[in-house]
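Below is one structure, written out as structure tokens; the observations come after it.
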Amino acid sequence: MLEINILRSEKDRVVAGLRKRNFNDDDLKNIDRILDLDDNRKKVLTNLEQLKAESNQKAKEIGALFKSGKTEEANTLRNLVAASKEQIKEQEEQVRAVMQELDTALLDLPNIPHPSVVAGKGEDDNEIVKDWSGELPAFEGFEALPHWDLADKFNLIDFKLGVKITGSGFPVFRGKGAQLERALINFFLAQASKAGYEEIVPPLMVNADTARATGQLPDKEGQMYYVEKDDLYLIPTAEVPVTNIYRDEIVSVDKLPIKLTGYTPCFRREAGSYGSDVKGLNRVHQFDKVEVVQIAHPDQSYAILDEMVSHVEALLIQLELPYRILRLCGGDLGFTSALTYDFEVYSAAQGKWLEVSSVSNFETFQSNRLKLRYREGNEKPQLTHTLNGSALALARIVAALLENNQDENGISIPTVLQPYTGFSRID
RNA sequence: GGAGGAAUGGCAGAGCUGGUUGAAUGCACCGGUCUUGAAAACCGGCGUACGUUUACGCGUACCGGGGGUUCGAAUCCCUCUUCCUCCGCCA
């Protein structure tokens, strides 16, 4: 959620930013509407508070009169004050209405893109900031199989079984497939720990307050699985519960940056997506992911973003996967993000680049909702910046590993993973 | 799932027969005096948000969340949540 004072004091920047997100003139009117609502809020609030102040004052007088035994006078005054109650109630209702309208409008406004973000319609306009300069895997003398065929051939992943147990998009990993999955999780967590992140095992279900604070509600409501009976949401990413650890907290500035990591399964309804890119592991409803989260001082957050990008890059290098790094354009940038780098990995048999990581700086957008602040000395608390990134998302990494490392008779495991898998080859 | 008890500031812990209580006291924390330095002792400070003000300040709200009674509520009532104890069930 954007801070109103930014809307007010840096309106030009806000407008320019939202234009990158393809806001048209009509959409932009919302900004003026919000400012008007805020003006109105102040007006009615001042009014109400004045009424309350008067009423409080009188109440004190009545108390004093009763105490000194002047019952007659007290009762007279009491009747007088009772009359103003109606007025206060009316004003309160007005304030409530304005605040709610303001809140709703503010909740619908996405984050302002960083200056480096270019305008653009969608994913085709994303900038490749680092392309793959090496060779892409090539296969000679045999026909390379896509990962769903490899999974079948070597009994690693059973998609049909998942359909039977749950539905489409819930793959069953088994045997060496399951072990590879677990090995990757352990490898990623070990790397994150080595980089100084504290490991968290969070709840996989969250309440609405939590989902709202990181921005999934109301924006992504339809994309989350919702358990109505208990009013809980299945997490779409560990970002949600992990970042919310610090909701409503004021941390001392010397605690920053706070670095957290967590492995969780992620649940996504993926409503409305279909077509060839949902085949196999490319797009599933449940997948494993190791997430890294940082809570940072505003002055440091962009340096930290770079650090997180390097961390993810190092993982891909160690896994020997061809990758490229994209800076998302305004049209593809997530609702809550100011700047996002996406990592894509080449999955050779499909001949496709698959998104495996998204690393973002949210600046104060989340912390404003989280009420997550830091304090420097005796200064007034300030909003922190929050960042997170996938390090990494498993399903598509598995797809690429299987496809890229296949030969005629089997699949070899990258050296760095072998201590985690306990085997060097699938055949 | 049933019965009972509880939820107060960073922590501990009063208040809970309604009236200068944003809230005693202790600890923690910050500043000062003392000391060669430190500790101890002593003195002072020490919540957040919003509104208002050039500023000092002033006002409003907040004692788990929401609602109600009242001129006035941390204190009374309703409701929800969470925790503790006992019973039941259970990996």
Side-chain angles (χ1 to χ4, degrees), chain A residues 1-9 34-107 201-213 217 227-233 241 244-256 258 295 364 366-384:
Chain A
M1 188 155 62
L2 290 171
E3 299 160 78
I4 290 187
N5 57 8
I6 290 180
L7 245 51
R8 205 176 280 284
S9 61
I34 287 172
L35 292 181
D36 285 346
L37 280 168
D38 192 44
D39 286 338
N40 199 235
R41 179 191 64 108
K42 288 181 187 173
K43 215 178 84 196
V44 291
L45 195 62
T46 307
N47 221 317
L48 171 65
E49 286 184 354
Q50 199 178 338
L51 283 174
K52 280 192 173 172
E54 284 167 20
S55 150
N56 285 346
Q57 180 57 37
K58 296 246 171 61
K60 270 185 192 166
E61 284 174 30
I62 293 170
L65 288 172
F66 272 124
K67 237 177 198 170
S68 56
K70 297 175 182 163
T71 319
E72 196 70 17
E73 287 175 54
N75 280 324
T76 313
L77 194 52
R78 183 152 69 172
N79 293 332
L80 206 73
V81 179
S84 70
K85 271 197 76 180
E86 203 54 35
Q87 212 180 344
I88 288 180
K89 223 165 198 169
E90 212 171 275
Q91 292 282 324
E92 266 176 344
E93 195 40 58
Q94 244 186 78
V95 170
R96 205 191 319 249
V98 173
M99 297 261 250
Q100 191 176 344
E101 202 178 340
L102 180 61
D103 227 43
T104 308
L106 225 39
L107 233 38
V201 180
L204 304 183
M205 298 181 117
V206 296
N207 58 35
D209 283 343
T210 294
R212 197 174 302 113
L217 288 178
V227 181
E228 192 169 6
K229 195 159 188 176
D230 296 290
D231 196 21
L232 294 173
Y233 297 85
N244 268 277
I245 290 174
Y246 284 92
R247 173 151 52 92
D248 292 323
E249 296 280 333
I250 299 173
V251 298
S252 164
V253 70
D254 51 81
K255 294 264 174 18
L256 301 178
I258 295 167
I295 293 160
T364 59
Q366 288 184 328
S367 57
N368 191 29
R369 291 193 186 189
L370 289 157
K371 302 216 186 329
L372 165 49
R373 291 157 293 171
Y374 68 92
R375 193 199 295 279
E376 208 155 359
N378 286 325
E379 308 265 302
K380 204 168 162 261
Q382 302 286 326
L383 294 173
T384 66

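Chain letters run A, B, ... following the sequence lines, proteins first, then strands; residues in each count from 1.
A:N75 comes within contact range of no nucleotide atom at all, as no heavy-atom separation falls under 4.0 Å. Residue contacts shown for A:K85 include a base, since a base heavy atom lies under 4.0 Å away. Contact annotation for A:I62: base contact, defined as any heavy-atom pair under 4.0 Å involving a base atom. Among the atoms of the strands shown, only primed sugar atoms or phosphate atoms (P, OP1, OP2) are found under 4.0 Å from some heavy atom of A:K52. Residue A:K42 is in sugar-phosphate contact alone, with no base atom involved, counting any heavy-atom pair closer than 4.0 Å across all strands shown.
Rounded to whole Å, the separation between the P atoms of B:A6 and B:C78 comes to 14 Å. B:A38 and B:G31 have their P atoms separated by 12 Å, with the value rounded to a whole Å. Using P as the reference atom, B:C76 and B:A91 are 42 Å apart when rounded to the nearest Å. Comparing the same atom, C1', in B:C46 and in B:C27 gives a spacing of 13 Å after rounding to whole Å. Atom name C1', nucleotides B:A74 and B:C16: the rounded distance is 7 Å, in whole Å. Using P as the reference atom, B:G32 and B:U21 are 32 Å apart when rounded to the nearest Å. Taking atom C1' on both B:U81 and B:C42, the two are 46 Å apart, rounded to the nearest angstrom. Taking the C1' atom of each, B:G68 and B:A73 are spaced 12 Å apart, rounded to whole Å.
Side-chain contact check for A:T364 and A:E3: at least one donor-acceptor pair (N or O, by modelled atom type) lies under 3.5 Å. Looking only at atom types and distance, the side chain of A:R375 has no donor-acceptor partner in the side chain of A:S252 under 3.5 Å away.
Contacts between chain A and RNA chain B, taken as any atom within less than 4.0 angstrom of a protein heavy atom, begin and end at B:G19 to B:G72.
Comment: A:K89 does not engage A:E86 in a salt bridge, judged by the lack of any side-chain N to carboxylate O separation of less than 4.0 angstrom.
For the pair A:N56 and A:R375, nearest-nucleotide mapping onto RNA chain B gives the more 5' position to A:R375. Remark on RNA chain B: of its neighbouring residues A:K89 and A:A53, the 5'-side contact belongs to A:A53, judged by nearest-heavy-atom nucleotide.
In this structure, the separation between CG on A:L217 and CG on A:D209 is 9.5 Å, given to the nearest 0.5 Å. Note that CG of A:L51 is 10.0 Å distant from CD of A:E92, once rounded to the nearest 0.5 Å. One finds the CG atom of A:D36 at 10.5 Å from the CD atom of A:E101 (value rounded to the nearest 0.5 Å).
Taking a pair as Watson-Crick or G-U wobble with both distances under 3.5 Å, RNA chain B forms stems of 3 or more consecutive pairs at B:1-7 with B:81-87, B:10-12 with B:25-27, B:29-33 with B:41-45, B:47-52 with B:57-62, B:64-68 with B:76-80.
Under a cut-off of 6.0 angstrom, the local environment of CD in A:E90 is sparse, with at most 12 non-hydrogen atoms contributed by other residues, nucleotides or ligands. Summarising the local packing, CD of A:Q50 is surrounded by 12 or fewer heavy atoms from other residues, nucleotides or ligands at distances under 6.0 Å.
Side-chain contact between A:Y233 and A:M205 is absent, with no heavy atoms from C-beta onward closer than 4.5 Å.
Residue A:D38 is tested with A:M99, A:K43, A:R8 for a side-chain contact (heavy atoms from CB on, under 4.5 Å); the sole match is A:R8.
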